[in-house]
Each structure stands twice: as C-alpha cells, then as structure tokens.
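Working notes for the structure below.
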Protein chains: 2
Amino acid sequence: MSTSAKNVPAATDVARLAGVSQSAVSRAFTSGASISSKTRSKVMAAAEELGYRPNQLARSLLRGRSQLIGVVLGNMENPFFPLALETLSKQLNTHGHKTLVFTNEANQQADTSIEDMLNYRVDALILMATTLSSSLAEQCQAAGIPVVFVNRISHAMCCSSVTGDNDHGARLIAQHLVDAGYQRIAFMAGIETSSTSRDRELAFTDALIAMGRDKPMRVVGHFNRVGAMQAMRQLLEQAQRPDAVFCANDHMAMAAIDVARYEYSLTPGTDIGIAGFDDIPHAHWPGYDITTYSQPLDALISQAVERVLSQSNQYDAIHTVVKGNLIMRSSTSPTQ
Amino acid sequence: MSTSAKNVPAATDVARLAGVSQSAVSRAFTSGASISSKTRSKVMAAAEELGYRPNQLARSLLRGRSQLIGVVLGNMENPFFPLALETLSKQLNTHGHKTLVFTNEANQQADTSIEDMLNYRVDALILMATTLSSSLAEQCQAAGIPVVFVNRISHAMCCSSVTGDNDHGARLIAQHLVDAGYQRIAFMAGIETSSTSRDRELAFTDALIAMGRDKPMRVVGHFNRVGAMQAMRQLLEQAQRPDAVFCANDHMAMAAIDVARYEYSLTPGTDIGIAGFDDIPHAHWPGYDITTYSQPLDALISQAVERVLSQSNQYDAIHTVVKGNLIMRSSTSPTQ
DNA sequence: TGCTGTATTGCATAGCTATGCAAAATAGTG
DNA sequence: CACTATTTTGCATAGCTATGCAATACAGCA
C-alpha cells in the first residue's frame, strides 16, 4: 500500500490535456512571456486539474540560477541569530528567493557545509558567525557566487561584509563607563578569533587608554552562556574586583548579570556596571535592562541582501558598516 | 569587469581532460558505482584541476529525489524553535539532507511558502507551529511527500505528528500546583487555535476539576512575550487575584514572571506560582527557575526525522508522543 | 595459450523546462 | 479584401547528470 505514487505530472502532461505544446505551458508559468490570455487560462485550468507545478529544479538547471541563497549560522543560543535568520528569510522571500540553511558549530570553518550548498548551485552565500577557507572563497569567486559575511569580517579579502559599527560602539561604551564613574573596567571577549570580538576589544581598549586609563582586565566568554558565566566568575574572584564589565555582546552580558546578581549578590548598575552589544530584545527586559550599542537588524540584513542580489560589483569586496546607537540603561547607572 | 564568469565546469569538461567518458565522471562521484580505482583517481584529479563539483540540481532532477527537506517555522522569538531548527538541521545533515527553511508568521497557514518548496521537489516537509490547508495536504500526499508536524497536530488527518506529552504534562502540572497548596489557579493559553495550547488547556482544566477545583480562570498570551505580559497584567488586575498560573509554554512563563516581579513586586513561587512547558534552557536561569514539563528536543526531532526519512508507511498518519518529565523549580514553591 | 566469468567502460537516453527561431495566426490599415 | 506588422505558437534543442545495456577489458583457471 505504500507504493510511491510517482504521479507527479510534468509540463507535457498539462500540454496534452490542454491541447497545446509544452512550450505554451512553460510560457503560461513564466511572467512576461509571449502568450495569449486565452491559452494561458486553458493551460492554467489543465494544470489545476492535474495538480501540476513547475519543477524548479529543471528551471534552475536551465536558467543557471537556482533562486536559492545559502545561509550559514552559528550558535542559535544567542537570540541575535535566530532573529537575524527570521528577517533574512523574510526579506529573501519577498525577492523571490529561498533560504537554504545550515547551522554550523560556532566559529568552525563552514567549508564542508558550504561545499554541499555549492552543489545546489546557490546564487549567493550569506555567512554569519563562521569562517571560510580562502581556497573555498576563491572557488566561490571563480564560480561567480557572491559571498557576504554578516556581523563578521572575512580574512579572505575577496568577500564583502556587513557589520555593525563595532569601533564606534565600543568607544561610546568606553566613554560612557568612564563618564559614569566606574574605576576598574574589564572586558569580556567573545570568541577570540572572531573579528567581531577583536574589533570591539581593540576600540574599547584604545578608547580607555586614550582617556588615561589602564588597559582593561580581560577575560574570554566565547560568546556563549556557560563560557560567559565562567568568565564572569573569574573576574569577580579577583582580589581587585572590577566595578564594570563590557561584554562583547548582550547574550554574554545577560549571563554576566545573572552571575553577579545571583551568585555574588551584586546589584547590576550600582555594585557593578555591565554593558553589552547588539541590543537584542532581551536587553530591555526588566531583569536585565542592559546598556548596549545597537546593531539594527533590519538594516544589517537588508544591506546584506542588497549586496548579494545586486548583480554589479560582485567581485569588489565592500565592507559596509551600519551605524547603531548607544542605549543607556540601568545596568550601568552607579548612582541609582 | 563584472562580467559573469560562467566558468562552471560540467562533467563533460572533466571527462575530456581525464580522457574518459562522462559516465565515468558520474560514477566517480557516485559511491558504490562500478568504476576502477585507477579511472576514479584520474577523474578526481581532473575534477580538482577544473574545480568541478557535481550539479545537485541535475542529479535531483534525474533521481527524483532532491535531498532537500522543507522546514517551516513560526515565531523565532521563542527560543524553543531556533534550538529545534539547530538540532533538526544537524540531524538532517548527518543523513545527507539539506534544510530549506521558511519562517512563517506565527500560526499562519504556511500554504504559499510550502507551494514554493514543493516546486523545489523537497523530499519531505517538517512543519513547526504552522497550519496547512487540507487541500495542500492532499496534494502532498498525492505527490508522495511525507509531511510531519512537530509540536502541533494537524487538522488534516493524513499528516503525522510528533509532540510532547501535552496531556500528561499538563496533568502533572495541575497536580503539582494543587499539592503545593495554591488556591486560585489560572491558565494562560497560547494561540487559541493551536492544538498545543488546546491540548494542554483541556488536560489541565480536566485535572483540576477532577481534583474538585473550579474551572481555572483563563487568559490568552498568544505564545509571544508582549501578549503574555498583557495577559499576566490582566490576571493580576483581578479583584480575586490568582495565586498560581500555568502558562502554556516557558516563553510566556518568563514574561509572566517579569510582570509579576517587576510590575507587581510579587515574588515568584511565594507570592505567585508560575509554571511553564517545554523546559527551554532559560527555564533554569537563576532569574526564572521555572517549574515546567520537559519536551526533550533531541528525541522530538529525531522522531520527526525518522518519520520523514523512512520510506515505509508514509501515508499512515502516525501521532508520536514523546514523554518528558515534570521539573519542579522555585517558581512554584510557596513555602520557600 | 584459450576459455569463461566478472569488472569496467562508453553509448545513448531520460528527466523537465526555457528559449531562439521559424511558422502560423491574428490584428491593423488603407 | 489584400497586405503588412505584430503577436502567438510549436519545434527542436540545451542544460547536466545518472543509468540500462551492450561492448570491452581484465582476471582466473586449466
């Protein structure tokens, strides 16, 4: 009883039923093709009757464009990425593209997964929180497949990227923490090899030094919750405990706040200042209320989509920086 | 300079360079095909040199199997779904399948997005937090495409489903709340049309009544944070304020806790008991620590994957229920 | 060496649709 | 109505790979 149906009708079946040629069927489903409305409706009726739907695989094969966009994501634990995927998928959809998704181990090279995607002849690649070997990057370039990194800058120079304003944001945070009167300021890095974490750290450190402060104490949270909690404990066990921490993203800042509050009975803001980066929705949940620098998701994603879908200048590596805003909240108000 | 490269080599190019036929190239890339190791290595060398990779679109077209699985997700705001996607994508990958993803508006019919996916000849559909018109479900059945709902039961009877044990879980929660001594127990529904919410509500209500309680006060949180916050306020504004709430999932329970604690200065557990469902990682964050009934993600997903990839019995609608556990935490300890 | 049995190989075709080109049909004009 | 300009249609082919089948090469054995 479980015999495979295999009833999937093809264009020729529809053609036969409608009494037209296969070409007519094809044209009926191609907007802008040269076909009379009369035959189109004949075709549509027959198609409806048979349950025909054009085979996108054949179409893609012939056209050389699959309308598929490969997306590689890292850690789904950080809400930033699911939300990014959601808006990305929606935006691609309005442009008539589908999303072929692959979730990678955080910060792993995405090579093997990307090779698979290339086999499907994806029209472009959007990479978040992953790395790409330069050899594969060259292959993409050779094949004419645009690659754009989001929230990450590639080492392979041929790839474009769209990021938030890590430099400016980190400097504003530094300034803000100093203005607020914090004295011993620390930094919690994410994944050390990621440009995201490094850029924020460099700018943050630089700004502090420029204001006459010492180089901040430094700890590594690996962009995940467990790592950030450990890192925070490490900070709070210091003899000279810091009185403020800039975490390289909000997700780690949340973990830091939980450790400070529930393991060390410190009140965020007054006892210890904690800042993040991204402005994910959770950052203004009442239990966290994190000072942060925003990465506007819609803008970030639409830039990436634009870059990927615009045919021109595919081979120029364009690094787009989307500005955000410093958002001051109670996690860094010592006077309150 | 931005002329499209179009250098993508095909099997015939490799064949020419290697001095073999195109069939040989095909066989070299097909595991288990009849080919001598000598020619295979010749082919591989030539392929390497040209940067050839087999065109999965052509392969899929010919084989009638695309190795693509369509996945439709709802609200990415609830961490349950991103995590589910992550494990799903990984599991599919180990089985040699790719994930074609679509994020839908919560609880919308996924018809249009699914039609697009059908055009790509997905081998199967996995639907989370969406609905499917019965006509489209029939089409899928006719085309031999297995459809399985995860965390949701379809109205169209022909589709399989994998869910947590909503009935048992809700009953255990009811029992637990009564045992803990709560008196005025309320229920926060999710999306009213979803089977998930309804099943939990029915069992919960039934269990309470069986224990001689009144039918619980009822409020609707729509499975999202804003909705849940409003619903919680509504509850707490009652003259006869409830002293315990069972929220249809953890995501809403978190919102409920925030409202109780930060807007009404109530201590969860002692002043008001709050329970959830799912046991998402956040449920044991120290700021929440939610009593809940677990939905084991790995088990849930591997059941779904198995159902979808097993060729046999595609047309029997099998409803799999994965058991979880009641997990008691401080959000429902009135004595503490 | 000569035979048979097996492992490899190439040929030709199928799978489904889009599109250039020429033929046919239609519309437009006097 | 005759004739041209335009639209619509069908034919044939291309796009890339997998696979049945027949042909070839190879190995094994006496």
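Each chain gets a letter, A, B and so on, in the order its sequence line appears, and its residues count up from 1.
- Using a 4.0 Å cutoff on non-hydrogen atoms, the parts of residues 15-23 of chain B near DNA chain C are B:V20, B:S21, B:S23, ordered by number.
- Side chain of A:D111 to backbone of A:S133: a donor-acceptor contact under 3.5 angstrom is found.
- Remark: nothing in residues 44-53 of chain A comes within less than 4.0 Å of DNA chain D through any heavy atom.
- Comparing A:P9 and A:K38 along DNA chain C, the residue whose closest nucleotide (by nearest heavy atom) sits nearer the 5' end is A:P9.
- Across all their heavy atoms, A:I145 and A:A124 have their closest contact at CG2-CA, 3.7 Å.
- Across all strands, A:I35 comes closer than 4.0 Å only to sugar-phosphate atoms, never to a base (heavy-atom distances).
- With hydrogens and angles disregarded, no donor-acceptor distance shorter than 3.5 Å links the side chain of B:T320 to the backbone of B:V162.
- Remark: side-chain polar atoms of A:D116 are not paired, donor with acceptor, to backbone N or O of A:S113 under 3.5 angstrom.
- Looking only at atom types and distance, the side chain of B:R53 has a donor-acceptor partner in the side chain of A:Q139 under 3.5 Å away.
- Taking 4.0 Å as the cutoff to heavy atoms of chain A, we find the contact window on DNA chain D bounded by D:dT8 to D:dC16.
- No side-chain heavy atom of A:L92 sits under 4.5 Å from any side-chain heavy atom of A:K98.
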Q: Given side-chain contact (heavy atoms from CB on, under 4.5 Å), test A:H97 with A:L309 step by step and report yes or no.
A: CA-CA 10 Å; A:H97 291 261; A:L309 297 187; 3.6 Å; yes
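- Between the A:S89 side chain and the A:L85 main chain, no donor and acceptor come within less than 3.5 Å of each other.
- The shortest non-hydrogen separation linking A:S161 to A:H319 is OG-ND1, 2.7 Å.
- The phosphate of C:dT8 (OP1 or OP2) has no side-chain N or O of B:T39 nearer than 4.0 angstrom.
- For B:S36 and B:A58, each mapped to the nucleotide of DNA chain C holding its nearest heavy atom, the one lying further toward the 5' end belongs to B:S36.
- Under the 4.5 Å side-chain criterion, counting only non-hydrogen atoms from C-beta, B:S195 is not in contact with B:F149.
- Every residue two or more places apart in sequence or in another chain was checked for a salt bridge (Lys or Arg N to Asp or Glu O under 4.0 Å) with A:R40, and none qualifies.
- Proximity of B:L127 to B:R152: side-chain heavy atoms (C-beta onward) are nowhere separated by under 4.5 Å.
- Although no hydrogens or angles enter the test, the distance criterion places a donor-acceptor pair under 3.5 Å between the side chain of A:Y120 and the main chain of B:S66.
- Interface residues of residues 25-34 of chain B facing DNA chain D, ordered by number: B:S26, B:R27; criterion, heavy-atom separation under 4.0 Å.
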Protein N or O to nucleotides 22-24 of chain C N or O, pairs below 3.5 Å:
none

Q | Check against side-chain contact (heavy atoms from CB on, under 4.5 Å), A:R59 and A:F29 | A | CA-CA 11 Å; A:R59 180 181 285 213; A:F29 281 93; 4.0 Å; yes
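- Side-chain contact annotation: B:N104 with B:T130, donor-acceptor N/O pair under 3.5 Å absent.
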